[in-house]
Participant: 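After the structure tokens below, expect a handful of questions from me.
Along the sequence shown, the residues carry numbers beginning at 1. Values below: all heavy atoms of this structure, side chains included; hydrogens, waters and symmetry mates excluded. If you're wondering where the values come from, they're calculated on a predicted model, not measured in any experiment.
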Amino acid sequence: METLIRLYFSILLNCLFGFCINIENVPKLPDDQLICWYRNLNSKFQKQLLDLCVLDQNNHNNSCRNFSNKTCFKEKILNLCKKIEQHRKFNFILPCWGYEADSNRNCLLHTSKCSGPIGTWASGRNEQLEIFFNQADFGYVQERRTELEHYCSPNGTTSSELTCTNYMRYCTGKNILIDLKQLGNIPEPIRYREDILQYGDIGGWNCTLNREKLLKQGDHKSPLMSWYAEMANFRELSNKHVCDTIIEKPAIIMKLDATINMYHHFCDFLNLYLSFHLNGTNFNRDNQIIIWDSYPYRSNFKSIWEAFTSNPILSLNDLGRKRICFKDVMFPLLPRMIFGMYYNMPLIPGCERSGVFQHLRNDPTMRITFIRRRTKYRQVLNEDKLIFAMKNELLNMNNLKFEIKSVDLNHQMPFLEQIAITSKTDILIGMHGAGLTHTLFQPDYGLLFELYNCKDVDCYRDLARLRGTHYLTWRNDSKLSFVEVDNEPNEDRKKFGSSHAKFVNYRFDEKEFIQLILEAIEIVRLRKIEFNKDFISKWWNNEQHKMEINKSKIEL
């Protein structure tokens with residue numbers, strides 16, 4: 001009892017001095033990845049979390065009744081405590097993401113799979129795996145970390161500081177001033193403009209600026225590829241510089257891709273997630289996200305921000321034409337970088353299952369979801385007949401339990417409701433389009449059936465490889481027909497005699513469709529068997545590790 005009292009007061013004292021594990025410190029990561037987060041905590045935070053675990057084990061009442069909100073932690077933390085205890089009891093290696101200084105390939109929480117042809121990309125299987133890890137996995141973070149350099153080096157503890165990767169694709173700053181006085185003089189819209197800041201509108205004090213080195217980083221200058229256009233205006237400021245507003249919380253300034261399109265907007269979310277890792281695995285959600293745009297943020301995907309911040313999203317207009325000082329600011333990786341992740345990504349063939357995209361799920365029911373399109377182009381004109389034929393065929397398969405539904409994943413359906421469907425979907429069927437980005441939420445053994453790729457062969461095939469879902473598409477063009485949209489002026493039709501494959505509608509042969517569905521079902525059935533056989537975790541006792549999904553919350 002005396003030990004518990006000492007632990008209790010130790011925790012409260014730490015919290016009084018701002019050194020405290022609390023709900024906001026615990027990221028909305030999948031449960032299996034929280035153990036990696038724990039591994040990256042410094043030893044003092046690790047000890048505090050262990051102390052909280054000990055207190056909870058000796059307290060049968062709700063922990064929240066006895067501690068302040070700062071020390072109260074939820075079921076997610078209790079599950080983490082159990083995993084930590086298993087590691088300590090059996091002296092297991094703590095799992096890693098793979099970019100940590102003390103990590104190696106033996107501690108990876110999720111490992112990629114390379115079983116396909118190597119081609120001319122690599123000399124052997126090991127090099128193939130290494131290339132995939134660096135292109136499409138946490139090796140990408142590891143490479144960006146090696147690029148980090150000071151461009152304005154601090155001369156004291158309260159000095160400014162600017163650190164960036166090559167080409168200014170990612171930057172962080174301490175005590176940075178941004179002067180937005182010119183904002184009212186720039187005509188709308190300002191999104192993607194590179195003249196919002198003039199020389200001296202961004203800067204820091206009491207730091208040594210290497211401007212010559214900074215100005216050599218402009219090779220990737222473009223609104224969604226680099227922060228160079230903004231950072232080229234950085235200068236050393238007088239210590240007497242006055243701030244109109246000081247933002248104390250860690251700030252994240254973002255330039256966004258098309259927020260109406262799931263595929264493109266998820267380029268923003270993915271690169272922000274990678275930037276959190278690049279920023280030292282600081283997943284604190286008590287931050288301030290600011291969109292580098294004057295218009296207020298609007299999107300059907302706004303619920304995803306809950307994974308990154310607990311505060312409202314601001315635009316530049318919310319800051320006003322003022323001199324804003326940031327105590328701590330991040331300019332994250334951008335959505336259309338050259339050789340970036342997800343978009344503009346050169347992906348080595350033959351590999352799949354990036355650790356960045358993995359999460360654990362399992363379900364005995366075979367769930368098939370057909371994405372309906374109600375757009376002008378790429379409609380499946382005989383989709384009702386295809387679905388009817390599929391249901392009739394599957395009635396004869398008594399050895400498997402099926403759940404089949406067709407949904408229109410449009411902006412009228414809340415995005416969390418969409419995820420609730422697709423996260424349980426074994427076979428996701430749809431025409432080429434942004435809705436296929438939902439393969440990111442499918443189970444590990446899932447299959448993406450891009451009904452027709454409309455001559456854009458790599459887009460969703462590569463996305464499925466990143467997630468590790470199996471990819472299938474229509475193989476026999478003689479068993480489909482396309483229908484031109486009437487009275488539609490079309491340059492392709494004038495030039496080539498027919499419209500581009502993305503700007504027509506389609507009919508598919510029912511028998512061919514059923515054959516592909518039966519193939520997909522068999523692939524998923526075997527993948528489920530493989531998944532269940534292989535999933536004996538090397539990190540903790542499989543009987544105690546329960547795979548659960550919290551459907552009411554977004555997780556990274």
Participant: Check the pair T208, N155 against side-chain hydrogen bond (donor to acceptor under 3.5 Å, both in side chains), reporting the backbone distance first and the verdict last.
Facilitator: CA-CA 7 Å; T208 303; N155 296 321; 3.2 Å; yes

Participant: How would you list, by chain and number, every residue that makes a side-chain hydrogen bond (donor to acceptor under 3.5 Å, both in side chains) with R461, sequence neighbours excluded?
Facilitator: D458

Participant: C243 and C325: disulfide (SG to SG under 2.5 Å), yes or no, with the steps?
Facilitator: CA-CA 6 Å; C243 308; C325 287; 1.8 Å; yes

Participant: Please state whether the rings of F269 and F308 are parallel, tilted or perpendicular, taking 30° and 60° as the class boundaries.
Facilitator: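 Rings of F269 and F308: parallel, as their planes differ by under 30°.
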
Participant: Give the C-alpha distance, both sets of side-chain angles, the deciding distance and a yes or no for ring pair (Phe, Tyr, Trp, His ring centres under 6.0 Å) between F415 and H438.
Facilitator: CA-CA 11 Å; F415 191 60; H438 273 282; 5.5 Å; yes

Participant: Rounded to the nearest 0.5 Å, what's the gap from OG1 on T437 to CG on L270? Could you check?
Facilitator: 11.5 Å

Participant: Pairs in or reaching into residues 261-273: which pass salt bridge (charged side-chain N to carboxylate O under 4.0 Å, His left out), with residues at least two apart or in two chains?
Facilitator: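 For residues 261-273, and leaving out neighbouring residues, there are no salt bridge (charged side-chain N to carboxylate O under 4.0 Å, His left out) pairs at all.
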
Participant: Start with the C-alpha distance between N185 and Q182, add both sets of side-chain angles, then the distance that settles side-chain hydrogen bond (donor to acceptor under 3.5 Å, both in side chains), and finish with yes or no.
Facilitator: CA-CA 5 Å; N185 302 324; Q182 297 292 338; 3.3 Å; yes

Participant: Is the count of non-hydrogen atoms from other residues, nucleotides or ligands lying under 6.0 Å from I260 atom CD1 greater than 12?
Facilitator: no

Participant: Could you name each residue pair satisfying salt bridge (charged side-chain N to carboxylate O under 4.0 Å, His left out) that touches residues 287-302, not counting sequence neighbours?
Facilitator: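 For residues 287-302: R191-D293.
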
Participant: Distance-only, no hydrogens or angles: does the N279 side chain make a donor-acceptor pair with backbone N or O of S275 under 3.5 Å?
Facilitator: no

Participant: Considering only residues two or more places apart or on different chains, which pairs with a residue in residues 171-226 satisfy disulfide bond (SG atoms under 2.5 Å apart)?
Facilitator: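 Residue pairs passing disulfide bond (SG atoms under 2.5 Å apart), neighbours aside: C152-C207, C164-C171.
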
Participant: Taking side-chain hydrogen bond (donor to acceptor under 3.5 Å, both in side chains) as the definition, give me every residue that meets it alongside D257, ordered by chain and number, with sequence neighbours left out.
Facilitator: R336

Participant: Distance from M231 atom CE to L197 atom CG, nearest 0.5 Å?
Facilitator: 8.5 Å

Participant: Test your reading of the model: is there a side-chain donor-acceptor pair from Q135 to the backbone of M345, 3.5 Å cut-off?
Facilitator: no

Participant: Could you tell me the separation between the OG1 atom of T309 and the CZ atom of R285, rounded to the nearest 0.5 Å?
Facilitator: 7.0 Å

Participant: Using the six-membered ring wherever Trp is involved, compare the ring planes of H265 and Y297 and label them parallel, tilted or perpendicular (cut-offs 30° and 60°).
Facilitator: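 Plane angle between 30° and 60°, so tilted.
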
Participant: To the nearest 0.5 Å, tell me how far T245 OG1 sits from L177 CG.
Facilitator: 10.5 Å

Participant: If you draw a 6.0 Å radius around CZ in F339, do more than 12 non-hydrogen atoms from other residues or ligands fall strictly inside?
Facilitator: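 Counting other residues, nucleotides and ligands, CZ of F339 stays at 12 neighbours or fewer.
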
Participant: Above 12 or not: heavy atoms from other molecules or residues under 6.0 Å from NZ of K327?
Facilitator: no

Participant: Determine yes or no for a side-chain-to-main-chain donor-acceptor pair under 3.5 angstrom, with D456 supplying the side chain and N453 the backbone.
Facilitator: no

Participant: Determine yes or no for a side-chain-to-main-chain donor-acceptor pair under 3.5 angstrom, with K174 supplying the side chain and T157 the backbone.
Facilitator: no

Participant: Applying disulfide (SG to SG under 2.5 Å), name anything that partners C114, two or more places apart in sequence or on another chain.
Facilitator: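 Expected list: C351.
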
Participant: Y471: what forms a ring pair (Phe, Tyr, Trp, His ring centres under 6.0 Å) with it, not counting sequence neighbours?
Facilitator: none

Participant: Start with the C-alpha distance between T146 and E143, add both sets of side-chain angles, then the distance that settles side-chain hydrogen bond (donor to acceptor under 3.5 Å, both in side chains), and finish with yes or no.
Facilitator: CA-CA 5 Å; T146 64; E143 288 189 342; over 6 Å; no

Participant: Say you draw a straight line from OG1 of T473 to CG of L448; how long is it, rounded to the nearest 0.5 Å?
Facilitator: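 The OG1 atom of T473 sits 8.5 Å away from the CG atom of L448.
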
Participant: Compute whether any side-chain donor of one residue and acceptor of the other, for D408 and N410, lie under 3.5 angstrom apart.
Facilitator: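 Result is yes, a qualifying pair exists.
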
Participant: Among pairs that include at least one residue of residues 151-202, which meet ring pair (Phe, Tyr, Trp, His ring centres under 6.0 Å), considering only residues two or more places apart or in two chains?
Facilitator: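 Passing the test, one end in residues 151-202: Y167-H220.
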
Participant: Are side-chain heavy atoms of T469 and L463 found at a separation under 4.5 Å?
Facilitator: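 A side-chain contact is absent here, since even the closest heavy-atom pair is not under 4.5 Å.
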
Participant: Find the distance between CD1 (I348) and CG (L129) and round it off to the nearest 0.5 Å.
Facilitator: 8.5 Å

Participant: Would you confirm whether N175, through its side chain, and T158, through its main-chain N or O, come within 3.5 Å as a donor-acceptor pair?
Facilitator: yes

Participant: For T425, is there any backbone N or O sitting under 3.5 Å from a side-chain donor or acceptor partner on Q442?
Facilitator: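 Yes, because the side chain of Q442 sits within donor-acceptor range (under 3.5 Å) of the backbone of T425.
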
Participant: So, R39 and D102, do they make that salt bridge, N to O below 4.0 Å?
Facilitator: yes

Participant: Does R467 pair with D444 as a salt bridge, N-O distance under 4.0 Å?
Facilitator: yes

Participant: Which residues pass the side-chain hydrogen bond (donor to acceptor under 3.5 Å, both in side chains) test with S160, sequence neighbours left out?
Facilitator: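 For S160 there are no side-chain hydrogen bond (donor to acceptor under 3.5 Å, both in side chains) partners, ignoring immediate neighbours.
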
Participant: Checking Y445 against H470 for the ring pair (Phe, Tyr, Trp, His ring centres under 6.0 Å) test, could you report, in this order, the C-alpha distance in whole Å, the side-chain angles of both residues, the deciding distance, and whether it holds?
Facilitator: CA-CA 8 Å; Y445 44 77; H470 191 90; over 10 Å; no

Participant: What residues, two or more places apart in sequence or in another chain, satisfy side-chain hydrogen bond (donor to acceptor under 3.5 Å, both in side chains) together with N233?
Facilitator: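 With neighbours one apart ignored, the set is empty.
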
Participant: Return the set of residues passing ring pair (Phe, Tyr, Trp, His ring centres under 6.0 Å) with W474 (not counting sequence neighbours), or none when no residue passes.
Facilitator: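 Ring pair (Phe, Tyr, Trp, His ring centres under 6.0 Å) list for W474, sorted by chain: F508.
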
Participant: When you compare the side chains of N287 and N311, does any donor N or O come within less than 3.5 Å of an acceptor on the partner?
Facilitator: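 Judged by distance alone, the side chains do not pair up.
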
Participant: Keeping to residues at least two apart or across chains, list the salt bridge (charged side-chain N to carboxylate O under 4.0 Å, His left out) pairs with something in residues 116-138.
Facilitator: R105-E130

Participant: Can you name the one residue among R378, E450, K455 that meets side-chain hydrogen bond (donor to acceptor under 3.5 Å, both in side chains) with H432?
Facilitator: E450

Participant: What orientation do F138 and W97 show, parallel under 30°, tilted 30 to 60°, or perpendicular over 60°?
Facilitator: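 It falls in the tilted class, 30° to 60°.
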
Participant: So for atom CD, which belongs to E188, do other residues, nucleotides or ligands contribute more than 12 heavy atoms lying within a distance under 6.0 Å?
Facilitator: yes

Participant: Is the cationic atom of R144 (NZ for Lys, CZ for Arg) positioned less than 6.0 Å from the six-membered ring centroid of Y140 and within 45 degrees of its normal?
Facilitator: yes

Participant: Between the side chain of Y295 and the main-chain N/O of S315, is any donor-acceptor distance below 3.5 Å?
Facilitator: no

Participant: In sequence, state the C-alpha distance, the side-chain angles, and the governing distance for Y273 and F357, and then conclude on ring pair (Phe, Tyr, Trp, His ring centres under 6.0 Å).
Facilitator: CA-CA 11 Å; Y273 173 59; F357 293 83; 8.7 Å; no

Participant: Please confirm whether the backbone N or O of P223 pairs with a side-chain atom of K255, one donor and one acceptor, at under 3.5 Å?
Facilitator: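 Yes, because the side chain of K255 sits within donor-acceptor range (under 3.5 Å) of the backbone of P223.
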
Participant: Does one side chain, of T259 or S299, offer a donor that lies under 3.5 Å from an acceptor on the other?
Facilitator: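 No pair is found: no donor N or O on one side chain lies under 3.5 Å from an acceptor on the other.
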
Participant: Please name the pair of heavy atoms, one in R145 and one in L278, separated by the smallest distance, quoted to 0.1 Å.
Facilitator: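 Reported closest heavy-atom pair: CG-CD1, 3.4 Å.
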
Participant: If we ignore hydrogens and angles and just use 3.5 Å, is the side chain of Q46 paired with the main-chain N or O of Y38 as donor and acceptor?
Facilitator: yes

Participant: Okay, side chain of S226, backbone of S222: is any donor-acceptor separation there less than 3.5 Å?
Facilitator: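 Not confirmed, S226 side chain does not pair with S222 backbone.
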
